[in-house]
Amino acid sequence: MEILKAIRGFDDILLEEAKKFRVITNTFRNLFEVYNFEEIILPIVEYKELFDRSVGEITDIVQKEMFVFEDKSHRVLALRPEGTAGVVRAIVEHGLLYKHPTLKLFYEGSMFRYERPQTGRKRQFNQIGAEVFGVEDPIADFETIKLCFEAFNKLSIDIILEINSIGCPKCRPKYKEALVNYLHSIGGLCEDCNVRKEKNPLRVLDCKVETCKELIKEAPVMLDYLCEECDTHYKSLKTYLKEFNIPYIENPRLVRGLDYYTKTVFEFIKDGLTVLAGGRYDYLVESLRGPHTPAVGFAAGIERIMLYINEIPQKPLYALVYLEEAKIYALKLANSLRQDGLKVEIITRGTNLKKKLEIANKIGASYTIIIGPEEIRKNVYILKDMNKKEQKEIPFSFS
RNA sequence: GAGGAUGUAGCUCAGUUGGCAGAGCGAGGGAUUGUGGAUCCCUAUGCCGCGGGUUCGACUCCCGUCAUCCUCCCCA
């Protein structure tokens, strides 16, 4: 057994990477706060059936990507592959929708999918996401998208927003029928698409094979089939986006993988990689035995966003160097500086001052503070600027 | 689940037709005890991913396996 090896697809997030991770989650959290979202912290394990019923039984996520296991009481459980199902389960279970006419929740945590790992795709990965329950109005779609857009702005990531509407149970069947008819009327689709057109015809629309792309150009478009309600909803959303100068690309071939979406779907894409995606799901809550509740939400892949975060500026580091006789004063000085909010590292290694300064330099200290018997006598410490190579005495009383 | 590439020091990588495992960077120590980065000197580290096979002999050839990276499927 290789105990000194992490499991395939379960990666450590170390040091610098952990900082990027936190910058991203903090950015979203700050926005959640001003948009008045509340946090919900959920279990990682749920009944497998919850995901079958919400994510959709014919999706790949459910069919081949879930970590499923049986516990000692023979319950069939799964590690959550996404966050929305759990959120909906929780609010229905606790009747939150009856207490709050609208409910805005965000979550953060690990998700699990049994896939072949590659860039921006791990078996354990982290998402931060949010859900708005109880708002029919497209203003909810807009605000959700706006919040995400602001997040990328704050993270200085240039990103492309794609939107589409995939209709509702009233209008989508007609479109599906038209699409299936079209797909059957033509030949030359790739092997995968021939499977898709039976299993999940909408997915043919975003096939990457060139020949398929050509054939799809002629295919019927969902937007032409939207019922009046869906059409107005979609148009309002676009109006709001324009009003706020949020650039977007209308992608009539954008379909989301999960079954529960209705009307609005959107993705934030960087270099061809989807880093955040979401949409409206007006019927999921009732399909999980809750009251009819329209909803819209999104999830962002933290590791995927991390790929586009540059170096993070650090707080200047103060290395505190002491001579053996001044040890106790050094501890007091460090304590005092830290209470003033400075980042202080006490240099404990090194036998002489030269060595200690070498270490201070090595750990990247911007300043070094030196304290020895002379300084104690004079009630000062030496503050040395490591870049300018200048130093001065700062008064300090050692009580 | 399918295809391809790659696994040698902490990191980046050499390693000839099969013949005692190397470099650079980094790390530790030193040119002495109150001032760092440069230079110089010294030192160490390896189940050559793992398991089998061929061979007098395998880092090198063959088979298997595991892992990493890149496509695809799918997805955040």
Side-chain angles (χ1 to χ4, degrees), chain A residues 1-2 4-11 14 24 28 55-56 58-66 80-84 107-129 148 190-193 195-196 199-200 203 206-209 255-258 266-270 272-279 297-308 319 321-326 347 349-375 382-391:
Chain A
M1 194 195 284
E2 290 279 4
L4 287 182
K5 233 178 192 175
I7 310 299
R8 180 180 177 78
F10 290 72
D11 285 15
L14 307 168
I24 294 164
F28 276 97
V55 175
I58 58 150
T59 59
D60 277 33
I61 291 182
V62 163
Q63 285 190 342
K64 49 180 216 187
E65 293 175 1
M66 273 208 285
R80 62 182 181 195
E82 58 105 46
T84 304
Y107 61 86
E108 176 198 328
S110 291
M111 308 297 162
F112 303 83
R113 291 183 200 171
Y114 198 96
E115 298 180 275
R116 187 94 93 185
Q118 63 189 70
T119 347
R121 168 187 296 174
K122 303 297 169 195
R123 288 180 172 180
Q124 174 175 356
F125 61 104
N126 291 275
Q127 291 189 331
I128 187 161
C148 299
C190 72
E191 257 181 68
D192 287 326
C193 280
V195 178
R196 287 189 189 112
K199 204 175 88 174
N200 194 350
R203 294 233 67 97
D206 63 356
C207 182
K208 284 161 199 152
V209 177
V255 282
R256 308 274 321 113
L258 285 54
F266 59 89
E267 292 191 358
F268 284 79
I269 300 166
K270 177 78 182 168
L273 187 73
T274 300
V275 298
L276 181 155
F298 76 89
I302 299 174
E303 286 88 343
R304 286 194 176 178
I305 298 175
M306 272 163 63
L307 297 171
Y308 304 104
V321 156
Y322 61 90
L323 298 175
E324 196 54 34
E325 307 89 311
I347 307 298
R349 295 174 55 203
T351 47
N352 52 37
L353 187 55
K354 183 183 166 73
K355 195 75 208 171
K356 283 168 183 286
L357 271 162
E358 201 176 307
I359 293 163
N361 183 58
K362 205 164 280 177
I363 64 171
S366 305
Y367 301 92
T368 297
I369 286 162
I370 303 166
I371 176 167
E374 278 178 43
E375 287 70 34
I382 295 171
L383 177 68
K384 173 163 184 158
D385 186 317
M386 295 298 273
N387 300 316
K388 294 184 188 157
K389 297 181 82 164
E390 288 165 2
Q391 65 183 51

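Chain letters run A, B, ... following the sequence lines, proteins first, then strands; residues in each count from 1. None of these values were measured; they are calculated from a predicted model. Keep in mind that the numbers below use all heavy atoms, side chains included, and drop hydrogens, waters and symmetry copies.
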Practice problem: Between B:rA27 and B:rC73, how far apart are the C1' atoms? Round to whole Å, please. | Solution: 45 Å

Practice problem: May I have the distance from A:Asn352 (atom CG) to B:rU32 (atom P), rounded to whole angstrom? | Solution: 10 Å

Practice problem: Give the rounded distance in Å between these two atoms: NZ of A:Lys5 and P of B:rU65. | Solution: 15 Å

Practice problem: Pick base, sugar-phosphate or nothing for A:Gly129, based on heavy-atom distances below 4.0 Å to the nucleic acid. | Solution: nothing

Quiz prompt | Span that lies between the C1' atom of B:rC61 and that of B:rG19, in whole angstrom | solution = 15 Å

Practice problem: Decide yes or no on side-chain contact (heavy atoms from CB on, under 4.5 Å) for A:Leu273 and A:Thr119, but give the supporting numbers first. | Solution: CA-CA 10 Å; A:Leu273 187 73; A:Thr119 347; over 6 Å; no

Practice problem: Report yes or no: does A:Arg8 contribute a side-chain atom to a donor-acceptor pair with the main-chain N or O of A:Arg116 at less than 3.5 Å? | Solution: no

Practice problem: Under 4.0 Å between any heavy atoms, over every strand shown, what does A:Ile370 touch: base, sugar-phosphate, or nothing? Just pick one. | Solution: base

Quiz item: Does A:Gln391 put a side-chain nitrogen or oxygen below 4.0 Å from OP1 or OP2 of B:rU35?
Solution: no

Quiz item: So, is A:Arg116 close to the B:rG1 phosphate, meaning a side-chain N or O under 4.0 Å from OP1 or OP2?
Solution: no

Practice problem: Inspect the contact between A:Lys122 and A:Glu303 and indicate whether a charged nitrogen and a carboxylate oxygen are less than 4.0 angstrom apart. | Solution: no

Quiz item: Which listed nucleotide (B:rC72, B:rG36, B:rU35) is nearest to the side chain of A:Gln118?
Solution: B:rC72

Quiz prompt | Spacing between A:Ile61 atom CD1 and B:rA76 atom P, to the nearest angstrom | solution = 5 Å

Quiz item: Which whole-number value in Å describes the distance from A:Arg80 CZ to B:rA76 P?
Solution: 15 Å

Quiz item: Within the structure shown, what part of the strands sits under 4.0 Å from A:Ala360 by heavy-atom distance: base, sugar-phosphate, or nothing?
Solution: nothing

Exercise. Mind calculating the distance between CG (A:Asn126) and P (B:rA76) to the nearest angstrom?
Key: 15 Å

Self-check item: P gap between B:rU6 and B:rC62, integer Å
Solution: 12 Å

Quiz prompt | Identified pairing partner of B:rU17, criterion: Watson-Crick or G-U wobble below 3.5 Å | solution = none

Quiz item: Any side-chain N or O of A:Lys355 less than 4.0 Å from the OP1 or OP2 oxygen of B:rG29?
Solution: yes

Quiz item: What nucleotide among B:rU71, B:rG36, B:rA76 has an atom nearest to a side-chain atom of A:Gln127?
Solution: B:rA76

Exercise. For A:Gly364, report the nucleic acid contact type (base, sugar-phosphate, nothing); a contact means any heavy atom under 4.0 Å.
Key: nothing

Self-check item: Atom pair distance, as rounded to whole Å: CD in A:Glu375 and P in B:rU35
Solution: 12 Å

Exercise. Could you work out which one of B:rG37, B:rG34, B:rC69 sits closest to the side chain of A:Asn387?
Key: B:rG37

Practice problem: May I ask you to say what A:Glu374 touches in the nucleic acid, namely base, sugar-phosphate or nothing, with a heavy-atom cut-off under 4.0 Å? | Solution: base

Quiz item: At under 4.0 Å between heavy atoms, what does A:Asp60 touch on the DNA or RNA strands: base, sugar-phosphate, or nothing?
Solution: sugar-phosphate

Quiz item: Just checking A:Ile359: base, sugar-phosphate only, or nothing, at a heavy-atom cut-off of under 4.0 Å?
Solution: nothing

Quiz item: When the distance from NZ of A:Lys122 to P of B:rA67 is rounded to whole Å, what number comes out?
Solution: 13 Å

Practice problem: Look at the side chain of A:Arg121 against the base of B:rC74 and say whether a donor-acceptor pair falls under 3.5 Å; ignore hydrogens and angles. | Solution: yes

Quiz item: Choosing from B:rA76, B:rC70, B:rG28, which nucleotide comes nearest the side chain of A:Glu115?
Solution: B:rA76

Practice problem: Look at A:Lys354 and B:rG36 and indicate whether a side-chain polar atom (N or O) is within less than 4.0 Å of OP1 or OP2. | Solution: yes

Practice problem: Pick base, sugar-phosphate or nothing for A:Arg123, based on heavy-atom distances below 4.0 Å to the nucleic acid. | Solution: nothing

Quiz item: If you check every side-chain atom of A:Leu357, which of B:rU35, B:rG34, B:rA76 has the closest atom?
Solution: B:rU35

Exercise. Assess whether one donor atom and one acceptor atom, taken from the side chain of A:Lys356 and the base of B:rG36, lie less than 3.5 Å apart.
Key: no

Quiz item: Reckon A:Leu276 touches a base, only the sugar-phosphate, or nothing at all at heavy-atom distances under 4.0 Å?
Solution: sugar-phosphate

Quiz prompt | Spacing of the P atoms in B:rG49 and B:rA9 (rounded, Å) | solution = 8 Å

Self-check item: A:Arg203 CZ to B:rC72 P, straight-line distance once rounded to whole Å
Solution: 14 Å

Quiz item: Nearest of B:rG34, B:rG36, B:rA76 to any side-chain atom of A:Glu358?
Solution: B:rG36

Quiz item: Within 45 degrees of the axis of the six-membered ring of A:Phe112 and under 6.0 Å from its centre: does A:Arg123 put its NZ or CZ there?
Solution: no

Quiz item: Given the P atoms of B:rG10 and B:rA44, what is the spacing between them in whole Å?
Solution: 15 Å

Quiz item: Hey, does A:Met111 reach any base, or is it just sugar-phosphate, or nothing, if we go heavy atoms under 4.0 Å?
Solution: nothing

Quiz item: Nearest to the side chain of A:Lys389 - B:rA76, B:rG36, B:rG28?
Solution: B:rG36

Quiz item: Can you tell which of B:rU71, B:rA76, B:rG34 lies closest to the side chain of A:Arg304?
Solution: B:rA76

